[in-house]
Amino acid sequence: MKDAYFPQEIEKKWQKIWEEKGAFKTTDTSDKPKYYALSMFPYPSGKLHMGHVRNYTITDVIARFKKMNGYNVLHPMGWDSFGLPAENAAMKHGANPETWTDENIAYMTKQLKMLGLSYDWDREVTTCKPDYYKWTQWLFLQLYKKGLAYKKEAAVNWCEECGTVLANEQVIDGKCWRCDHVVEKKYLSQWFLKITDYAEVLLEDLDKLSGWGDNVKTMQANWIGKSEGAIFKFKVVENDLEVPVYTTRPDTVHGITYLVVAPEYKDIEKLTTPENKEAVEAYRANARKMTEIERLSTDRVKTGVPLGTHCINPFTGEKFPLWTADYALVEYGTGAVMAVPAHDTRDFDFAKKYNLPIKIVIIPDDKKDDKDLPSCPPDLLSSITEAYTEPGVLVNSNEFDGMNNEDAKKAITQKAVDGGFGEFKTQYRLRDWLVSRQRYWGAPIPVVYCDKCGIQPVPEDQLPVLLPKDVDFTVVGKSPITTSKTFVNTTCPCCGGPAKRETDTMDTFVCSSWYYLRYSDAKNDTMPFAKDKVNKWLPVDQYVGGIEHAILHLLYSRFFTKALRDLGLLDFDEPFKNLLTQGMVLKDGSKMSKSKGNTVDPDEIFENYGADTARLFILSDSPPARDFDWSDAGVEGCYKFLNRVWRLISSNAEYITVSPFTLHSSLKKENDDMVRLVHIAIKGITNDISNDFQFNTVISKYRELVNAIYDWRSKKSELDDEDKAVLSFAILTLIKLMSPVAVHLTEEAWHDLGGQGSIHDIEWPKWDENLAKASSITLVVQINGKLKDKIEADEGLSEDELKELALNSDKVKELISGKTIVKTIVVPKKLVNIVVK
RNA sequence: GCCCUGGUGGCGGAAUCGGUAGACGCGUCGGACUUAAAAUCCGGUUGGAGUUAAAUCCAGUGCCAGUUCAAGUCUGGCCCAGGGCACCA
């Protein structure tokens, strides 16, 4: 064994050997239980960044740990390779998106291999390749046949910078998720996936996901945004129209003093009187000009104009005016709101501004005997300074007076149901998923348009609909795909007449919503995956990735899994059993980014320190879920530690035997202690990995064990047979424990010490519970709960003996002299607390 | 405004059940080796009081209460930071 540690040399050597041997290939047939470890696959942007390194290292260590613990592990990798950056790069450099993507994949594959990741590359999936997107298209057609994919004209989010529409989930604070450009509303005919059909089950099943963090689950729940309430219909006085409203506060219906419709409300023109037309038109025009960001700003002063018409409240017979105001949103509920200024802060603000009446219908429980309140004298009404939104008791509400407002919600809605002017209604904030993109580099939506036959799906035997190559990427204002001379014109699969292909491609999130299923059967060319294989490997046992996908990818994938289950393609209903959302990699307190110039290039780390140092460091300083602050000194420290480990092994190599040996039961004291420390390390490290993958403490324990072995060794100048056996046991165990992290170093050491086969094929070490504890205990002695003394004691002492030991301590005697012992608490093997007065 | 997560030394962070607060590392200070440096090794490092040095004592896990023999850990109320949602009726 060499004296010095040369990571670059040994890493290259072993990577080559592993590749030649096919060391990490997974078989579908095995007696062992399955374990599916998965990292979120990357977009091939060009180079790995430290976030990737962290993500893939975490999953790799998990996969290796599970393999050593007897599981048949699936650990695949692939590429989320459709998307705008490739197209932009193509425009900029005059290249083809495919060439650019292929080059990036090749480079990043090399980097992944340099990191020593244990992937089964035979299962690699690349979403931009026809053998993959054929099945994305096929799945789209299955959803279409089930009515889960449909085309409709709607107000959609448009990003001018990217030249395409976006899904709601891709609009962050009114801006494009990718380029930060302000998003506009456009009225276009687009393809949608009907995720709203699954709103309820997507929400309900969050409860099943005990292996997911609450943060992600609540983010999804908020996004789905379920609320329960009622729809009430109000007859218009001036004509025979009805205006339905959605409310979560049916209990306040007697307090309505006006009604608001959104400026884009469909019947607004018919609801406007000729005298008010001019003002209403002007208001609507102004609303159209405003950006989403301006309009949705909650601190903006509310504005609106009256329409001139009125409605009748069926509960009271009262007549109240209709207004339009942009605080009503056309896309939520019915686009119209019943206004109860006394019990809604927004309505209150609006009523105050326009001097509309405020009618109290709920009062706090403790005021219900106050006789003045229910009659609501006008001076009281004008005196309230804010809306009362808390629970309470109904007043001014006819037969519902005195009823608790929660009960009233049901009772009042029931009255509307019975009277035929209302219904119970559950509302979700979630909208259908807009999947059309006016871009080239995506999976073509497999439909054609025929003047005679309308929308026609492409027959399955004609899939894939290939992306055309004769495309001009320099066009502005339209999708490059439309410049193809061969793509657009085709024949109708129904009548054989001339037809036009859909030129929109699919959102890349469609491709990434099912890739984890494809890994189970990546080479299948007759189906996206065989049912038995997908049912065997899925759900993913451990999914690891960034929190930025908490809604987007993770919600879409859950939807896909449920939809595909309903199509009979698979038999489970959640794709990811356990989810680890790793924190960001920071440098100097902020996220690494090119614009800030605080990035660290993984290649430089591999070159200067080796992959094992990179892997060790990225796991060392923070638990996986928390943000990780990169420090150059920290890398240096890890490199030094691996050198220290290397020296420990190489300087003792001559004494170490890999062949089985037994340690006798009665060892010398220091050897017994050493063996115990090894067992303590095995136990601690195993538990830390099993318990939420606390790799930072795992690495602390590596260091403790190494320090302990050095310490033990420094006290011996000559080694007898027993010493050699103890040393061999300690060092070989250390190598095994470190093998999932320092994958190359441990393989080299194992090999140099004469180990058979690969260290990565052996079993994880086991500990002996009797040995995984110190030979004696430290008895903590407290007086009134404060630490006063520590006494070394035998483990086997009884409670009385421990108590006696504590009371005989000189320190304790001194401290309790002249005081009365009230009581004594003994915690076996640990502590004695003497309570004195 | 609502929801989630977190708050422990100079820093990253440890601390199964309530039972020795600060493991391990970074940084730093001191020492050994060396002509010197690097590398390596050894030791100190929460704050304050105390001492030539020690011993020792006091305080201490965001704040305020509470439960308990004993609270970083449990309960109630707040404060702060990060993230998510939001004129969603």
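Hydrogens, waters and symmetry mates are skipped; everything else that's a heavy atom, side chains included, is used.
Residues of residues 636-653 of chain A that place a heavy atom closer than 4.0 Å to RNA chain B, in numerical order, are A:Lys640, A:Arg644, A:Arg647.
Formation of a donor-acceptor pair under 3.5 Å by the A:Thr57 side chain with backbone atoms of A:Arg615 is not found in this model. Formation of a donor-acceptor pair under 3.5 Å by the A:Asn833 side chain with backbone atoms of A:Ile825 is not found in this model. Within the 3.5 Å criterion, the main-chain N or O of A:Gly583 finds a donor-acceptor partner in the side chain of A:Arg54. Judged purely by atom type and a 3.5 angstrom limit, A:Tyr5 has no side-chain atom pairing as donor or acceptor with the backbone of A:Arg644. Between the A:Asp692 side chain and the A:Gln694 main chain, no donor and acceptor come within less than 3.5 Å of each other. A:Asp794 places no side-chain N or O within donor-acceptor distance of the main-chain N or O of A:Leu797, the cut-off being under 3.5 Å. Without hydrogens or angle criteria, A:Lys217 side chain to A:Leu209 main chain gives a donor-acceptor distance under 3.5 Å.
With C1' as the reference atom, B:A23 and B:C79 are 30 Å apart, rounded to whole Å. Annotation: B:A81 and B:A71 have their P atoms spaced 30 Å apart (nearest Å). Across the P atoms, B:G82 and B:U73 are found 24 Å apart, a figure rounded to whole Å. Of the P atoms belonging to B:A70 and B:A21, the separation is 15 Å, rounded to the nearest Å. With both ends at atom P, the span from B:G62 to B:C80 equals 16 Å, rounded to whole Å. B:U61 sits 9 Å from B:G7 when the C1' atoms are compared, rounded to a whole Å. Taking atom C1' in both B:G48 and B:G9, one finds a spacing of 14 Å when rounded to whole Å. B:C74 and B:A15: their P atoms are spaced 14 Å apart (whole Å).
Set against B:C88, B:G19, B:G84, the side chain of A:Ile825 has B:G19 as its closest nucleotide. Taking every side-chain heavy atom of A:Thr218 into account, B:C4 is the closest of B:C4, B:U20, B:A89. Across B:G19, B:C3, B:G84, the shortest atom-to-atom separation from the side chain of A:Gln782 is found for B:G19.
Proximity of A:Asn707 to the phosphate of B:G25: a side-chain N or O atom is located under 4.0 Å from OP1 or OP2. Note on A:Tyr332: a side-chain N or O is less than 4.0 Å away from OP1 or OP2 of B:A89. OP1 and OP2 of B:C69 both lie 4.0 Å or more from every side-chain N or O belonging to A:Lys786.
Here B:C85 presents its P atom at 12 Å from CG of A:Leu555, a figure rounded to the nearest Å. Distance A:Asp173 CG to B:G83 P: 11 Å, rounded to the nearest Å. One interatomic measurement links the two molecules: CD1 of A:Ile551 to P of B:C3, which rounds to 17 Å at whole-angstrom precision. For the pair A:Trp223 CH2 and B:G83 C1', the computed distance is 15 Å after rounding to whole Å. Rounded to whole angstrom, the span from the CG atom of A:Leu586 across to the C1' atom of B:G82 amounts to 11 Å. Across the protein-nucleic acid pair, A:Glu390 atom CD and B:C2 atom C1' stand 13 Å apart, rounded to whole Å. One interatomic measurement links the two molecules: CH2 of A:Trp177 to P of B:G84, which rounds to 15 Å at whole-angstrom precision. Counting to the nearest Å, the C1' atom of B:G82 and the CE atom of A:Met219 are 12 Å from each other.
Under the 30°/60° scheme for interplanar angles, the aromatic rings of A:Tyr388 and A:His343 are found to stand perpendicular. Between A:Phe350 and A:Tyr327, the angle of the ring planes lies from 30° to 60°, which puts this pair in the tilted group. Below 30°, between 30° and 60°, or above 60°: for A:Phe628 and A:Trp630 the angle between ring planes is above 60°, a perpendicular geometry.
Scored by the side-chain contact (heavy atoms from CB on, under 4.5 Å) test, A:Pro314 finds A:Phe234, A:Phe421 as partners (sequence neighbours excluded). The side-chain hydrogen bond (donor to acceptor under 3.5 Å, both in side chains) check on A:Ser690 picks up nothing, with sequence neighbours excluded.
The salt bridge (charged side-chain N to carboxylate O under 4.0 Å, His left out) analysis of residues 621-638 of chain A, with sequence neighbours excluded, yields no pairs.
Contact annotation for A:Arg429: base contact, defined as any heavy-atom pair under 4.0 Å involving a base atom. A:Val827 comes within 4.0 angstrom of a nucleotide base, judged by non-hydrogen atoms across all strands. At a threshold of 4.0 angstrom between heavy atoms, the contacts of A:Lys811 are confined to the sugar-phosphate backbone, with no base atom among them.
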>> Each nucleotide in nucleotides 5-17 of chain B should get exactly one letter: B, S or -. Can you fill that in based on protein heavy atoms under 4.0 Å?
In response: S------SSSS--
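The glycosidic torsion of B:C69 lies more than 90° away from 0, which places this base in the anti conformation. B:G9 adopts a syn glycosidic conformation, its chi angle falling within 90° of 0.
Residue A:Leu705 comes nearest to A:Leu677 through the heavy atom pair CD1-O, 4.3 Å, listed as atom of the first residue, atom of the second, then distance.
Paired regions of RNA chain B, where each region holds three or more successive Watson-Crick or G-U pairs whose two hydrogen-bonding distances fall under 3.5 Å, are B:1-7 with B:79-85, B:10-12 with B:24-26, B:27-32 with B:40-45, B:46-49 with B:56-59, B:62-66 with B:74-78.
At a cut-off of 3.5 angstrom, counting only N and O atoms as typed in the model, there is no donor on one side facing an acceptor on the other between the side-chain of A:Lys823 and the base of B:C69.
Judged by closest nucleotide on RNA chain B, A:Ala633 is the one of A:Ala633 and A:Asn833 placed further toward the 5' end. Between A:Arg703 and A:Asp711, the one whose closest nucleotide on RNA chain B sits nearer the 5' end is A:Arg703.
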